Amino acid sequence: MNDHLKNTSDLRIAIIGAGTMGNGIAQVCALAGLPVTLVDISDTALERGLATLSNNLERQLKKGLISEADKQAALSRIHPQTSYGALAGSSLVIEAATENLDLKRQILALIEEVTEPDALIASNTSSLSISQLASALGNPERFIGLHFFNPVPLMTLVEVIRGLQTSESTHARALEFAEHVGKTAISVRNSPGFVVNRILCPMINEAIFVLQEGLASAQDIDTGMQLGCNHPIGPLALADLIGLDTLLAILETFYRDFGDPKYRPASLLKEMVAAGYLGRKSGRGFHVHA
């Protein structure tokens with residue numbers, strides 16, 4: 001196995017899933033000069049992901065963060081595909097599918113079938129066990145967690161999560177990749193929610209309990225945390241950005257895996273997800289979004 005990713009001239013990235021996280025990861029990789037194969041189940045899903053990516057690049061262009069040449073070069077480096085056979089020859093494959101353990105394990109097994117033995121395989125999971133995901137592979141030593149944060153082009157952090165089986169070489173190569181695409185990496189041991197979500201999601205859940213108990217309005221809760229704790233965005237507005245369904249799934253994972261009642265999801269959160277009030281993506285969550 002090649003020990004380093006320092007020579008990036010032949011580094012090829014593949015990403016499974018053209019949704020919010022997948023197209024965001026594709027964008028930062030392409031802007032960093034890396035060719036990207038973007039795989040999803042249908043042309044429609046790929047077209048939707050590429051449209052979002054193009055719009056995000058256009059916003060960066062208007063803000064003066066990139067040039068027109070940068071935008072066009074990045075778009076030219078992204079190659080949409082619907083076949084897993086397109087993963088052959090990839091140096092690193094990042095799975096960015098829906099946060100579902102069985103689905104991710106199926107995808108990882110398919111990735112392993114078509115990639116070279118020395119290719120890294122990673123998951124962008126925000127809460128699932130890296131060790132458990134790795135067990136779907138015949139060679140779990142080459143598997144690692146790469147948890148990007150939403151929105152990927154703006155958030156500079158990547159959690160690099162080592163499973164029990166992850167090799168030192170895989171860890172080192174993952175850190176080098178994160179650095180190459182302009183991210184700051186922190187190394188994290190495998191545990192439900194890793195570091196950031198382990199701290200963040202219970203805090204958001206407590207804010208929902210405060211709203212549920214009628215102690216303050218959603219706007220006042222967010223204003224209180226922004227002005228009283230210097231948070232750039234309030235916890236309920238952040239929940240809307242994350243997606244209430246995603247937040248609920250993470251909290252349910254914590255509650256199940258830790259067996260600690262402090263992680264129980266607020267009943268208001270469950271009710272809002274059941275009603276389809278999922279935050280920004282549905283137009284309504286704790287706040288109304290145009």
Side-chain angles (χ1 to χ4, degrees), residues 5 8 11 13 15-17 19-34 36 52-53 56-57 59-60 63 65-66 74 92-99 104 120-130 133 143-163 166 170-205 207 225-226 229-243 246-247 249-251 253-254 279-280:
L5 294 173
T8 59
L11 181 60
I13 308 301
I15 299 163
I16 307 297
T20 299
M21 298 305 295
N23 68 60
I25 298 168
Q27 180 177 332
V28 298
C29 290
L31 281 173
L34 303 177
V36 180
T52 299
L53 192 157
N56 288 339
L57 287 171
R59 277 196 290 270
Q60 288 184 299
K63 291 178 180 179
L65 300 175
I66 61 173
L92 166 63
V93 181
I94 303 172
E95 171 273 312
T98 304
E99 196 77 346
K104 286 181 180 289
L120 262 62
I121 302 175
S123 176
N124 184 56
T125 180
S126 58
S127 64
L128 298 175
S129 168
I130 297 302
L133 288 171
F143 183 72
I144 198 161
L146 286 174
H147 180 209
F148 290 80
F149 288 77
N150 185 34
V152 179
L154 299 181
M155 303 294 281
T156 58
L157 180 69
V158 176
E159 286 182 313
V160 178
I161 308 110
R162 300 182 62 169
T166 306
T170 295
H171 180 238
R173 294 168 69 194
L175 290 174
E176 290 171 3
F177 161 74
E179 180 182 3
H180 181 79
V181 297
K183 301 300 183 184
T184 298
I186 61 172
S187 293
V188 178
R189 185 172 61 83
N190 185 57
S191 181
F194 317 127
V195 168
V196 175
N197 280 343
R198 171 79 176 273
I199 298 167
L200 175 66
C201 292
M203 184 199 75
I204 297 175
N205 194 42
M225 293 303 291
Q226 286 178 279
C229 299
N230 205 29
H231 290 192
I233 184 173
L236 300 178
L238 182 56
D240 282 357
L241 179 62
I242 293 169
T246 300
L247 176 63
I250 293 170
L251 287 166
T253 297
F254 289 178
R280 286 182 178 270

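These values consider heavy atoms only, across backbone and side chains, with no hydrogens, waters or symmetry-generated copies. Please read these numbers as outputs of a predicted model, since none were measured by experiment.
The side-chain heavy atoms of L238 and H231, taken from C-beta on, include no pair separated by under 4.5 Å. Two residues are said to be in side-chain contact when any heavy atoms from C-beta on lie closer than 4.5 Å; V181 and I25 fail this criterion. No side-chain heavy atom of Q27 sits under 4.5 Å from any side-chain heavy atom of V152. Contact annotation: the side chain of F177 never approaches that of L120 to less than 4.5 Å [non-hydrogen atoms, C-beta and beyond]. Using a 4.5 Å heavy-atom threshold, the side chains of M21 and N150 count as touching. Between F254 and N205, the closest side-chain pair of non-hydrogen atoms is not below 4.5 Å.
Taking both residues in full, the closest heavy atoms of R198 and P192 are given as CD-O, 4.0 Å, listed atom of the first, atom of the second, then distance. Looking at every heavy atom in both residues, N190 comes nearest to I161 through CA-CG2, 3.8 Å. For G163 against T166, the heavy-atom pair with the smallest separation is N-OG1, 2.9 Å. Of all heavy-atom pairs between H147 and F194, the closest is ND1-CD1, 4.3 Å. What you find for A74 and A30 is that their closest heavy atoms are O-CB, 3.4 Å. Nearest approach of Q226 to P232, heavy atoms of both residues: NE2-O, 3.3 Å.
Taking N124 as the reference, nothing meets the side-chain hydrogen bond (donor to acceptor under 3.5 Å, both in side chains) condition, with sequence neighbours excluded. Residues passing the salt bridge (charged side-chain N to carboxylate O under 4.0 Å, His left out) test with E159: none are found, sequence neighbours excluded.
Atom CD1 in I16 sits 8.0 Å away from atom CD in E95 (nearest 0.5 Å). With rounding to the nearest 0.5 angstrom, the CD1 atom of I94 is 5.5 Å from the CD1 atom of I15. For the atom pair CG (L154) and CZ (F149), the distance works out to 14.0 Å, reported to the nearest 0.5 Å. Atom-to-atom distance recorded for L57:CG and Q60:CD is 5.5 Å, nearest 0.5 angstrom. Rounded to the nearest 0.5 Å, atoms CG (L11) and CZ (R173) are 9.0 Å apart.
Side-chain atoms of E99 do not come within 3.5 Å of backbone N or O of T246 as any donor-acceptor pair. For N197 (side chain) and S126 (main-chain N/O), a donor-acceptor pair under 3.5 Å exists by modelled atom type. Looking only at distances, no side-chain donor or acceptor of K183 sits under 3.5 Å from a matching main-chain atom of L175.
For the side-chain contact (heavy atoms from CB on, under 4.5 Å) with I130, the lone residue among V188, L146, T125, I144 that qualifies is T125.
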